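Since we're looking at a predicted model, the values are computed, not measured.
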Amino acid sequence: MAQIGQRIHVQGRVQGVGFRPYVWRLATQEGLAGQVCNDASGVCIDLWGPSARVQGFASALAQNPPPLAQIDAITCAPLGDPPPNASFDIVQSSGGAVRTQITPDAATCPDCLREVRNPVDRRHGYAFTNCTHCGPRLSIIAGIPYDRARTSMQAFAMCANCQREYDTPQDRRFHAQPNACPACGPRLWLEDAQGRKDDPDPVAQTARLLAQGKIVAIKGIGGFHLACDACNGETVRTLRTRKHRRIKPFALMARDIAQIRRFCHLSDAEAALLATPAAPIVLLQQRAGMALPAIAPGLDRIGVMLPHTPLHHLLLAQVDHPLVMTSGNASGVPQATKNAQARAGLAGIADAWLMHDRAILNRLDDSVMRVDAHGPAILRRGRGLAPAPVALHGAFADAPPVLAMGAAQKSVFCLLKTGSAVPSQHIGDLTTAETFADYRAEIVLLRDLLGVDPKVIAVDMHPDYLATRQGTQLAKETGAKLVQVQHHHAHLASTLAEHRIGPDDGPSVGVILDGTGLGDDGTVWGGEILVGDYHAATRKGHLQPVALPGGDAAAHAPWRNLVAHLHAAFGPDWRHQITGTPLACSLAPMPTHIIEQMIAQGVNAPLASSAGRLFDAVAASLGIAFEHQDNEGQAAMQLEAQANPMAATTGYSTAISDDGVLSWGPLWHELVADLKAGAPSAVIATRFHLGLGDGLAQVTQKVAAQAGATRIVLSGGVMQNRFLHGYLRETLTDAGFTVLSQQAVPANDGGIALGQAAIAAIASNTS
């Protein structure tokens, strides 16, 4: 039989996932000679043997890869030289230009969990058990190729048993870089506020403290959490007081699916999502009578996750109730990752600290997802999801390397190179020095890890965004081309990019709803109907512009937006129009005359077509977050929780002008009439959602017909409203349109960097 040699190169998520031992086993079974190694662009396989077996190997390679692997491309080339020996070997990594993917951190696999629970296993009860199929990845990596010396595990020398596993291709832990056991790996301890750490069983003692109503800071994979008994209302309220988090929802961690079902309705799709290697927080509907009001005040859904590390599994097995598991930070600063940082920053919040000595090199907040009718949707992309790449249309393959800086809130940057985009993990709002410093450091790190030297830097058009200023400065320092991208165009392009729409695939109509963004005309936008692609986007419709009294202050005080909308709908006579409603009493003590003066004089009251501020105004009309909202989206989320398709079947009326402006006069007249009639809040909230959905659908279909477009994009932070998004998607799909929503990145500003990168890449590739 003829002997041939072949070099096979595999690109994708193929390092740190057990891919080389998989190749070794496959080649050994076929009796082939050669070698496999990691290089800086993937996995390289040199193979010799009978031609039929070599060809069969190449065909079988992608059929059953390891659980965490993702193959993007396989290339083959002939090898003329004879094999160095008759065996098949795994050899050390080689260098080269960095192009390989970085694997996200993965939740504990079933095999490791069985070992942790097995009393006779040497890893019984060990909080840092992992293998090639699970465990820390991005959180501990410092460089590429992914080898132990380039991770925070380099501080721990493996014992003989662990080294044997690490060196044995047949073993599940072959080249598992975080491999460790109680004899040689990271260690766990519990300390109190005075720094004492003398408990022999820190997990059991932590469980006892939690049962006593204490708050414990727990070091996880991507940072510290603050934990307490979720069923202890007094303790949860204490946590809110200490953390200065009055209303914002807390996430929960439950022992297993059965425990979650006690508190929440759970579909098969939601259960499957919870159990994925990403182990995200999933938003679930609370069961009637089992509500946990202190966890998510005013909301009907709570965020729940399963244990994702052996430590969490061990702890949850010893507590009776789900735990609050919220980010370990004081309000406004990034999640703590270092022990000293947690001791200092969480003093006065935590009663005790469950710590370990494995360093967290890269901060990762928990990912947040939900399941919609069209599938899973990402609300925050962090642990378990980042930095997985987003594959793009083939037209991006030859684009120059791009760094997109993202927006000011829910900050995420994005690197684009060789046909794929890599959004960073969620970093947060760039409003504090700590978060901004974290943002700059993560850009340096991910650029180094991926070997991206950007030739183009994309920024938002808003000159005052810190991300825009930083990108502009980087462009000056590096000589990279600077591309400014309009905010809502980026939302549109982000959705097109993740669905692999090409630059020549025709126009799309984008329904982009969010808080605010600087428009092409220099005014504040936030409720836009665009027609466009990556090259350009034209505003063809929008929501009625209404004053923002106090500018940015209006986003924090819904009553201001309510006054502005009532003034826009009824004019100076608005007070008379609301006589006899609860609004009259609520607004009586407020300084409404000052708001009217600001609007009349145009002083610090810019007009804005903001969908977010419309939601705030309607929420305030029902007394929801009337004076102040503690966190972005609070009023809108609580308004959404009030809406119920069973409460009403007809929406409020809207007016649509010939130029596609959706106006609110009829809506407010009908809403105030409902208030006078004593209609329940559920009816008003539902009619608002239905009316807004109907009005948007009418404008969108009109614009699409004029543009000859059949594809509709739904994006922007307001599109995370399940009711509105679902209603729009169903209505437009029934009308015959192809409707695209975001799933690979968030619809909010956490996904905007992907759109910026795509627009800048196409602009630079065609200029």
Side-chain angles (χ1 to χ4, degrees), residues 390 392-393 395-396 399 402 404-410 412-414 416 421 423 456-463 465 467-468 471 481-499 501-543 608-612 660 700 703-704 707 709 711-719 740-742 745-767:
V390 178
L392 305 177
H393 186 274
F396 290 91
V402 178
M405 304 300 289
Q409 295 182 318
K410 297 177 175 61
V412 168
F413 62 89
C414 182
L416 186 153
V456 182
I457 294 178
V459 298
D460 191 275
M461 285 176 53
H462 200 303
Y465 282 1
T468 299
K481 177 182 178 181
L482 185 69
V483 176
Q484 293 182 317
V485 181
Q486 198 278 322
H487 192 88
H488 301 92
H489 185 196
H491 275 302
L492 168 64
S494 178
T495 313
L496 297 177
E498 75 157 78
H499 286 278
I501 304 299
D504 300 320
D505 288 345
S508 299
V509 176
V511 185
I512 315 298
L513 308 179
D514 61 6
T516 58
L518 183 63
D520 285 337
D521 58 1
T523 66
V524 181
W525 290 5
E528 311 307 315
I529 312 296
L530 307 178
V531 175
D533 49 24
Y534 302 110
H535 300 286
T538 303
R539 191 189 205 193
K540 293 294 186 180
H542 57 88
L543 307 189
S609 58
S610 171
T700 301
V703 169
R711 184 169 53 243
I712 309 294
V713 163
L714 306 179
S715 188
V718 173
M719 283 300 178
L740 303 182
S741 302
Q742 294 191 271
V745 296
N748 60 38
D749 281 5
I752 208 166
L754 174 61
Q756 292 174 343
I759 290 169
I762 293 300
S764 300
N765 216 24
T766 56
S767 59

> So which heavy atom on V531 is nearest to which on A707, and how close?
Replying inline: CG1-CB, 3.8 Å
> Is the backbone of A490 close enough, under 3.5 Å, to the side chain of Q756 for a donor and an acceptor to pair up by distance?
Replying inline: no
>> So E498 and L740, do their side chains get closer than 4.5 Å, heavy atoms only?
In response: no
>> Has R711 got a side-chain atom pairing as donor or acceptor with G506's backbone, closer than 3.5 angstrom?
In response: yes
> Would you find a donor on one side and an acceptor on the other, under 3.5 Å apart, between the side chain of H393 and the backbone of A395?
Replying inline: yes
>> Could you measure the distance from the NE2 atom of H535 to the CD1 atom of I759? Nearest 0.5 Å is fine.
In response: 10.5 Å
> Can you tell me how far CD1 of I529 sits from CG of L543, rounded to the nearest 0.5 angstrom?
Replying inline: 7.0 Å
> Do you know which two heavy atoms are closest between V509 and A709, and how far apart they sit?
Replying inline: CG2-CB, 3.9 Å
> Which is it for L392 and L416 under the side-chain contact (heavy atoms from CB on, under 4.5 Å) test, yes or no, and what are the steps along the way?
Replying inline: CA-CA 10 Å; L392 305 177; L416 186 153; 3.5 Å; yes
> For V402 and A757, which heavy atoms make the closest approach, and how far apart are they?
Replying inline: CG1-CA, 4.0 Å
> S741 side chain to L714 main-chain N or O, any donor-acceptor pair under 3.5 Å?
Replying inline: no
> Could you give the distance from CD (Q484) to CD1 (I457), rounded to the nearest 0.5 Å?
Replying inline: 12.5 Å
> H488 and D514: side-chain donor and acceptor closer than 3.5 Å?
Replying inline: yes
> Is the side chain of T468 donor-acceptor paired with the backbone N or O of H462 at a distance under 3.5 Å, no angle test?
Replying inline: yes
> What are the two closest heavy atoms between L482 and G471, and how far apart are they?
Replying inline: CD1-O, 4.0 Å
> Tell me, do Q486 and L518 make a side-chain contact under 4.5 Å, heavy atoms counted?
Replying inline: no
>> Restricting to side-chain hydrogen bond (donor to acceptor under 3.5 Å, both in side chains), what partner residues turn up for E528, sequence neighbours left out?
In response: R539, S609
>> So V524 and S610, do their side chains get closer than 4.5 Å, heavy atoms only?
In response: no
> What distance separates I752 CD1 from L492 CG, expressed to the nearest 0.5 Å?
Replying inline: 11.0 Å
> Is the backbone of I512 close enough, under 3.5 Å, to the side chain of S715 for a donor and an acceptor to pair up by distance?
Replying inline: no
> Only one of H487, Q409, K410 forms a side chain to side chain donor-acceptor pair (under 3.5 Å) with D749, so which one is it?
Replying inline: H487
> What closest approach, in Å, do H491 and T495 show between heavy atoms, and which atom pair accounts for it?
Replying inline: O-OG1, 3.2 Å
>> Could you report the tightest heavy-atom contact between A404 and A753, atom names first, then the distance?
In response: CB-O, 3.2 Å
>> For I501, is there any backbone N or O sitting under 3.5 Å from a side-chain donor or acceptor partner on Y534?
In response: yes
> Does a side-chain heavy-atom distance below 4.5 Å link D460 with M405?
Replying inline: no
> Are side-chain heavy atoms of H489 and D520 found at a separation under 4.5 Å?
Replying inline: no
>> To the closest 0.5 Å, what do you measure between CG (D504) and CD1 (I762)?
In response: 8.0 Å
